[in-house]
Amino acid sequence: MATLIGPKRYNRAKLEAYECGIEPTPTPAGGGRFPIKYYLTAMLFIIFDIEIVFLYPWAVTFDALGIFGLVEMLLFVLTVFVAYAYVWRRGGLEWD
């Protein structure tokens with residue numbers, strides 16, 4: 001109904017694509033090249049997302065797992081921390 005009875009005041013700004021306030025730039029016919037930072041950010045998100053997926057059930061069943069569960073989770077967190085330190089050391093967290 002809003003389409004039929006609503007006001008129709010079109011202007012140039014309303015008809016443009018919205019992309020975070022940045023003017024879109026034309027891309028080559030075969031697609032453009034993306035900076036590697038996009039992929040590093042995605043991989044970091046996945047790493048820490050998987051860490052949370054494993055930490056939550058572990059925290060819920062902590063009493064039932066005993067010392068074995070504690071040692072396994074410490075090894076897992078240590079592995080994730082090594083990946084984080086590697087990315088930090090390589091400058092993956094710095095945006096230029």
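Just so you know, these numbers come straight off a predicted model, no measurement behind them.
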Check your understanding: Under the side chain to side chain contact (heavy atoms under 4.5 Å, CB included) test, which residues partner F68, sequence neighbours left out?
Key -> E72
Side-chain atoms of residues 44-63: list all donor-acceptor pairs with protein atoms under 3.5 Å, sequence neighbours left out, distances to 0.1 Å.
from : atom 1 : to  : atom 2 : distance (Å)
W58  : NE1    : G69 : O      : 3.1
T61  : OG1    : P57 : O      : 3.0

**Study point:** Remaining members of the apolar cluster that contains M1, side-chain heavy atoms under 4.5 Å
**Key:** none
Quiz: residues 75-92 side-chain donor-acceptor pairs under 3.5 angstrom, not counting sequence neighbours:
from : atom 1 : to  : atom 2 : distance (Å)
T79  : OG1    : L75 : O      : 2.8

